[in-house]
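Chain naming here is simple, since letters A, B, ... match the order of the sequence lines and numbering starts at 1 in each.
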2 protein chains.
Amino acid sequence: MPRKPIQRRSTRQREAIRQVFKDHSRPLLPTEVLKAARRRVPNLGLATVYRTLKRLTEEGWLVGFGLPGQSQTYYERAQGHHHHFYCRECEKLFKVNCVPAHLKDLTPAGFVHEGHELVLYGLCKPCSDGAGAGSTE
Amino acid sequence: MPRKPIQRRSTRQREAIRQVFKDHSRPLLPTEVLKAARRRVPNLGLATVYRTLKRLTEEGWLVGFGLPGQSQTYYERAQGHHHHFYCRECEKLFKVNCVPAHLKDLTPAGFVHEGHELVLYGLCKPCSDGAGAGSTE
DNA sequence: ATAGATGCAAAGGGTTTGCACTTGA
DNA sequence: TCAAGTGCAAACCCTTTGCATCTAT
């Protein structure tokens, strides 16, 4: 039986959430998305944010990822494969280029490599310079 | 003032938990540790497991890490730096060698690299061969 | 009209914490 | 002795889900 493709509607909430990601380049937490999206849809609910993030991720418009040791999931637009540098001082995330070849080489013989997740951590330039947190909003 | 170093006592619970990690080479979840340790200390509590895992990690005897997209934290003995390959089929974790130099090179200029976390994922050999899950207990 | 979407509150899963009791040194 | 450690239950945080209501199409 041909499964009927679920219809997707365009709602104020959904568009507001999409816009938030168009306005921010850095990875966002669900609560950050909620806060930002509420500027357009004041009574937006957190459940809707979660449902929408999940939906947009399934559609491939967003990608979610978690930091080691943190239970929360960050989301950002799915544009180009890259990784992250996490500053333990200001807790911001920075994009880092990927070197697929090297990483793939680590895959044990006979194993099928489908993807990878990498997080570097330490201090970002602003923090290592002794300055306070930078402003990479 | 010289801060008084907190005294560490040797208890049945703590030794039982340590023993669990000596008996298993693969990363374990807190509940798995609980289950295994209860064979020695029947009425061991989950809270004690969490407190002990935290303590042993602070002492450097264990290392904890999380898989992208999973909220749980795995623990294993801190012996030699390495990473993991996660099989999406049988959900087992395999050790993978590390290539520090390459990863460190990804660190943006001016940033201080203190560490990194890498997870490769795909199919392990047994699963890609069409066989059921292997037995890498 | 009607299936998809929303908001709220309740429920879930993992982890932490408060507190009285127990125990190792 | 007595502070460190433990067990239990309640509390927490993040996320999902049930359900009545709302709204694109």
Side-chain angles (χ1 to χ4, degrees), chain A residues 2-20 27-59 61-76 91 93, chain B residues 2-20 27-59 61-76 91 93:
Chain A
R3 67 195 135 114
K4 162 186 59 178
I6 302 171
Q7 183 184 330
R8 301 291 153 80
R9 294 179 183 174
S10 172
T11 64
R12 296 185 310 125
Q13 293 82 342
R14 196 161 295 175
E15 292 317 310
I17 290 172
R18 255 204 184 84
Q19 191 59 48
V20 168
L28 301 171
L29 292 171
T31 50
E32 294 179 308
V33 174
L34 176 67
K35 186 180 174 187
R38 273 188 168 163
R39 288 190 305 217
R40 292 163 184 277
V41 185
N43 62 334
L44 176 65
L46 184 54
T48 295
V49 171
Y50 274 103
R51 280 188 282 238
T52 303
L53 292 178
K54 189 175 186 178
R55 176 68 61 87
L56 292 176
T57 298
E58 291 169 351
E59 294 175 359
W61 198 78
L62 288 179
V63 287
F65 64 91
L67 257 41
Q70 282 192 216
S71 61
Q72 302 170 147
T73 300
Y74 288 80
Y75 291 88
E76 66 182 336
E91 302 185 335
L93 283 168
Chain B
R3 67 194 135 110
K4 161 186 58 178
I6 303 172
Q7 183 184 330
R8 301 292 153 79
R9 295 179 184 175
S10 171
T11 64
R12 294 186 312 126
Q13 293 82 341
R14 194 161 295 174
E15 291 317 310
I17 291 172
R18 255 204 184 86
Q19 192 58 49
V20 168
L28 301 171
L29 291 171
T31 51
E32 295 179 309
V33 174
L34 176 67
K35 187 181 173 189
R38 273 187 169 164
R39 287 192 304 220
R40 293 162 183 277
V41 184
N43 61 333
L44 177 65
L46 184 54
T48 295
V49 171
Y50 275 103
R51 280 188 283 237
T52 303
L53 293 178
K54 189 174 186 180
R55 175 68 62 87
L56 293 176
T57 298
E58 292 170 350
E59 294 175 358
W61 199 77
L62 288 179
V63 286
F65 64 91
L67 256 40
Q70 279 191 219
S71 60
Q72 301 162 242
T73 300
Y74 288 80
Y75 292 87
E76 67 183 337
E91 303 186 332
L93 282 168

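Partners of A:E59 according to the side-chain hydrogen bond (donor to acceptor under 3.5 Å, both in side chains) rule, which considers only residues two or more places apart in sequence or in another chain, are A:R8. Listed by chain and number, the residues in a side chain to side chain contact (heavy atoms under 4.5 Å, CB included) with B:T57 are B:L62, B:Y75 (sequence neighbours excluded). Not counting sequence neighbours, the partners of B:Q72 by the side chain to side chain contact (heavy atoms under 4.5 Å, CB included) test are B:L29, B:Q70. Applying the side chain to side chain contact (heavy atoms under 4.5 Å, CB included) test to B:E15 and every residue at least two apart in sequence or in another chain returns B:S10, B:R18. Scanning for side-chain hydrogen bond (donor to acceptor under 3.5 Å, both in side chains) contacts around B:E76 gives B:H82, B:H84, with sequence neighbours left out.
Between the side chain of B:R12 and the backbone N or O of B:V41, no donor-acceptor pair lies under 3.5 Å.
Remark on the helix from C:dA1-D:dT25 to C:dA25-D:dT1: inter-end axis angle 20°, axes from five-pair C1' superpositions, rounded to 10°.
Residue pairs meeting the side-chain hydrogen bond (donor to acceptor under 3.5 Å, both in side chains) criterion with at least one partner in residues 36-54 of chain B, sequence neighbours excluded, are absent.
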Sort me out a list of protein N/O and nucleotides 13-15 of chain C N/O pairs below 3.5 Å, or just none if empty.
unit_1	atom_1	unit_2	atom_2	d
C:dT15	OP1	B:T73	N	3.0
C:dT15	OP2	B:Y50	OH	2.1
C:dT15	O5'	B:Y50	OH	3.1

Protein-nucleotides 18-20 of chain D N/O pairs closer than 3.5 Å?
unit_1	atom_1	unit_2	atom_2	d
D:dG18	O6	A:R51	NH1	3.3

Can you give me the N/O atom pairs linking the protein to nucleotides 23-25 of chain D at distances under 3.5 Å, or say none if there are none?
unit_1	atom_1	unit_2	atom_2	d
D:dT23	O2	A:R9	NH1	3.2
D:dA24	N3	A:R9	NH1	3.4

Taking only N/O atoms, report every protein-nucleotides 10-12 of chain D pair under 3.5 Å with atom names and distance.
none

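A sub-4.0 Å separation between OP1 or OP2 of C:dG4 and a side-chain N or O of A:R55 is absent.
The distance from atom CZ of B:R55 to atom CZ of B:R14, rounded to the nearest 0.5 Å, is 5.0 Å. A distance of 12.0 Å separates CG of A:L34 from CG of A:L28, quoted to the nearest 0.5 Å.
Across the protein-nucleic acid pair, A:N43 atom CG and C:dA5 atom C1' stand 13 Å apart, rounded to whole Å. Rounded to an integer number of Å, the gap from NZ of A:K35 to C1' of D:dC14 is 18 Å. Atom CD of A:E15 and atom P of C:dG4 are 18 Å apart (whole Å). Rounded to whole angstrom, the span from the CD atom of A:Q13 across to the P atom of C:dG4 amounts to 17 Å. Put simply, CG on A:L53 is 13 Å from C1' on D:dC14, counting in whole angstrom units. Nucleotide D:dT15 holds its P atom 13 Å from the CG atom of A:L28, rounded to whole Å. When the C1' atom of C:dT6 is taken as reference, atom CZ of A:R38 falls 13 Å away, rounded to whole Å. Atoms NZ (B:K54) and C1' (D:dT6) sit 16 Å apart, rounded to a whole Å.
Closest non-hydrogen pair, A:L44 versus A:A37, comes out as CD2-CB, 3.4 Å. Closest non-hydrogen pair, A:P30 versus A:V49, comes out as O-CG1, 3.7 Å.
With contacts defined as side-chain heavy-atom distances shorter than 4.5 Å, the pair A:L67/A:L93 qualifies.
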